[in-house]
Amino acid sequence: MRVVGSGYVFDARGEPTPRRSCAFTAISRLADGTLLATFRRGSDRESPDGHVCVYASTDDGRSWEERYDGAGHTTWDGRPGEEKTLLIAETGPGELTGASLWVDRSGPPRPFVNPVTQGLLPMRVGHATSRDGGRTWTDRRAIDMRPHPGASPTGPLLHLPGALAQPYEHWKEFDDPAPGRPAALLRLSTDGGATWPEHATVAADPANARFYWDQRLATEPETGRLVAMFWTHDPAAGRDLDVHITWGSPDGRHWGVPRGTGLPGQHCQPIPLGNGRLVAVYARRRDPPGIRAVLSRDFGATWDTDGEIAVYESGAGTESGTTGAREIGDYWDDMITWRFGHPRGVALPSGEIVVVYYAGDDLTKSVRWARLAP
C-alpha cells in the first residue's frame, strides 16, 4: 500500500479556543458517492462545550465543506450536555441515521470520569435523522440500553439479515465503586429501529482479565460474515495487548473468542476490499507514534506486517502512558493528552481507501484525511 493523497478535513490551527480540539473522528460513504466525516469539536478533549460537526466531500476526499455545526444544539430534554459522537449510516434513500453519544453536563461542574471510582458521567445513546445530506438533524431519540450502564455507541448502524444493529460498549456509572466489567455488544432491532429489546455480546472476558475496548466492525462483501477488532488491555498488568480480532455470523448473534493479531495498536478500523482482503488502520502509541495501515489477504487471519505503511507520523514526541504500566485512572488522564487517534476509513469503488483521524500537538488537534492505494 501507499499514501497517494492527504490533507485537512478541518484545520484547527489558528482557530479560536472553542474550535481547537477535535477528536472522535468517523467517516461514511453514501450511495451517491458523498463522503461524510464527523467529529467532536470543543475547547479541549473533555470540555462541556463539546459538540459534533459534519463535513462533506464530493471528490473522494480531496476537498471538504462544513455541512453541520452542532454548537448550541447539545441540550436534551432541557438539560445542558455535551455531544461526543455522531456515527452516520444511510438507512434509506435520502435518509441518514446518526448514532449519538450525549453526556449530561447539568448540575455542578464535574469531570467526565470520576477520579475515585473511574465511573462515567450520566450518558445517553440516541439516534437522529437527516434527510438533507447531514445539514440538519431531528431531535435525538433515546435508545434504552438497559441493563448496560455507561453505554456508548462504537459504530454506525449495521444492516443485518432481519435486523438493524447498533454497536456499543459499556463501562460503569459515575459513583459506582465496583470494578468495571466492560463488554462489546450489539443492540438489535427487528422493527426498523422503533424498539431495541435484544442484545448480542461481541466480546467480553468472563474473568475480566482482558478488556475489549472500542470495537470496530465491518462486513465481508461476499458472505456477510462480520469482523470486529478491538483495542485490548490487560488490567492486571496495566498494559495494552496487541489488537485483537474476532469473527461473527452474518446476523450478529454468534461470535468467536477474540485472538491477537500481533498489531501493536489501540483503536483499529477493519476495511474490507473484497476477495478476502482486509485493511486494518490503527493508532500506534509506541515510538514511533502514528497511524498505521496493514493488509490481510485472508480476512484478518494473518497480516502482511512487512508491507505495513505509516499513514501519519507524529512529530510531537512520545505519547503519554506508553513507557510503563498504568492504572485505569492513569489511562483516562492519558487519553486527554494524546495528540492523534480515532482512525476510521471507507473503501472507494476504485479500490482506494479514504481514512480520517485527528492529529496535532498539545495546543490544537485538527481532523485530517489520507487516501491509500492498496
For a quick check under 3.5 Å, do [X] and [Y] share a side-chain donor-acceptor pair by atom type?
X      : Y      : answer
Thr154 : Glu169 : no
Gln266 : Asp240 : yes
Glu319 : Thr322 : no
Arg339 : Tyr358 : no
Thr17  : Ser43  : no

Is the number of heavy atoms from other residues, nucleotides or ligands within 6.0 Å of [atom1] ([X]) greater than 12?
X      : atom1 : answer
Glu173 : CD    : no
Glu198 : CD    : yes
Asp361 : CG    : yes
Glu222 : CD    : yes
Arg297 : CZ    : no
Arg141 : CZ    : yes
Arg286 : CZ    : no

Show the numbers, then the answer: is there a salt bridge (charged side-chain N to carboxylate O under 4.0 Å, His left out) between Glu66 and Arg135?
CA-CA 9 Å; Glu66 183 178 283; Arg135 295 173 178 85; over 6 Å; no
Assign the ring pair [X] / [Y] to parallel, tilted or perpendicular, where the plane angle (0 to 90°) is split at 30° and 60°.
X      : Y      : value
Trp76  : Trp102 : perpendicular
Trp231 : Trp338 : tilted
Phe112 : Trp332 : perpendicular

Applying the 4.5 Å side-chain criterion to the ILVMFWY set and letting contacts propagate, would Met335 and Met123 be lumped into a single cluster?
yes
Quick test of your reading of the model: are Arg326 and Asp334 salt-bridged, counting only N-O distances below 4.0 Å?
yes
Rounded distance (nearest 0.5 Å) linking atom [atom1] of [X] with atom [atom2] of [Y]:
X      : Y      : atom1 : atom2 : answer
Ile245 : Phe299 : CD1   : CZ    : 7.5 Å
Asp242 : Arg259 : CG    : CZ    : 11.5 Å
Thr75  : His73  : OG1   : NE2   : 10.0 Å
Trp64  : Arg67  : CH2   : CZ    : 10.5 Å

Between Thr219 and Pro272 the two heavy atoms that sit nearest each other are O-CG, 3.3 Å
Closest heavy-atom pair and its distance - Asp287, Pro289
OD1-CD, 3.4 Å
Given the rule in the ring-ring contact (aromatic ring centres under 6.0 Å, His included) test, do Tyr68 and Tyr55 qualify, once you have shown the distances and angles that lead to the verdict?
CA-CA 7 Å; Tyr68 175 75; Tyr55 277 62; over 10 Å; no
Tell me whether the NZ or CZ atom of Arg45 lies within the 45° cone about the ring axis of Phe24 and under 6.0 Å from its centre.
yes
Cation-pi geometry met for Arg285 and Phe340 (6.0 Å, 45°):
yes
Are [Y] and [X] an aromatic pair, judged by ring center distance below 6.0 Å?
X      : Y      : result
Tyr331 : His233 : yes
Tyr357 : Tyr312 : yes
Phe230 : His244 : no

Just wondering, do Trp369 and Ile27 contact through their side chains at under 4.5 Å, heavy atoms?
no
With side chains defined as the heavy atoms from C-beta onward, is the minimum distance between Ile353 and Val279 less than 4.5 Å?
yes
Go through Asp205 and Arg181 one step at a time and tell me if the salt bridge (charged side-chain N to carboxylate O under 4.0 Å, His left out) criterion holds.
CA-CA 9 Å; Asp205 185 349; Arg181 302 188 65 86; over 6 Å; no
Please lay out, stage by stage, how Arg40 and Glu82 fare under the test salt bridge (charged side-chain N to carboxylate O under 4.0 Å, His left out).
CA-CA 9 Å; Arg40 176 202 181 275; Glu82 170 200 359; 2.8 Å; yes
Evaluate Lys84 against Glu46 for salt bridge (charged side-chain N to carboxylate O under 4.0 Å, His left out), listing each step before the verdict.
CA-CA 9 Å; Lys84 288 188 177 291; Glu46 303 296 351; 2.7 Å; yes
Identify each donor-acceptor pair in which a side-chain atom of residues 160-168 lies under 3.5 Å from a protein atom, sequence neighbours left out, and give them as a table.
from, atom 1, to, atom 2, distance (Å)
Gln166, OE1, His127, NE2, 2.8
Gln166, NE2, Gly155, O, 2.8
Tyr168, OH, His148, ND1, 2.8
Tyr168, OH, Arg187, NH1, 3.2

Hey, does the side chain of Arg105 reach the backbone of Arg110 with a donor-acceptor pair shorter than 3.5 angstrom?
yes
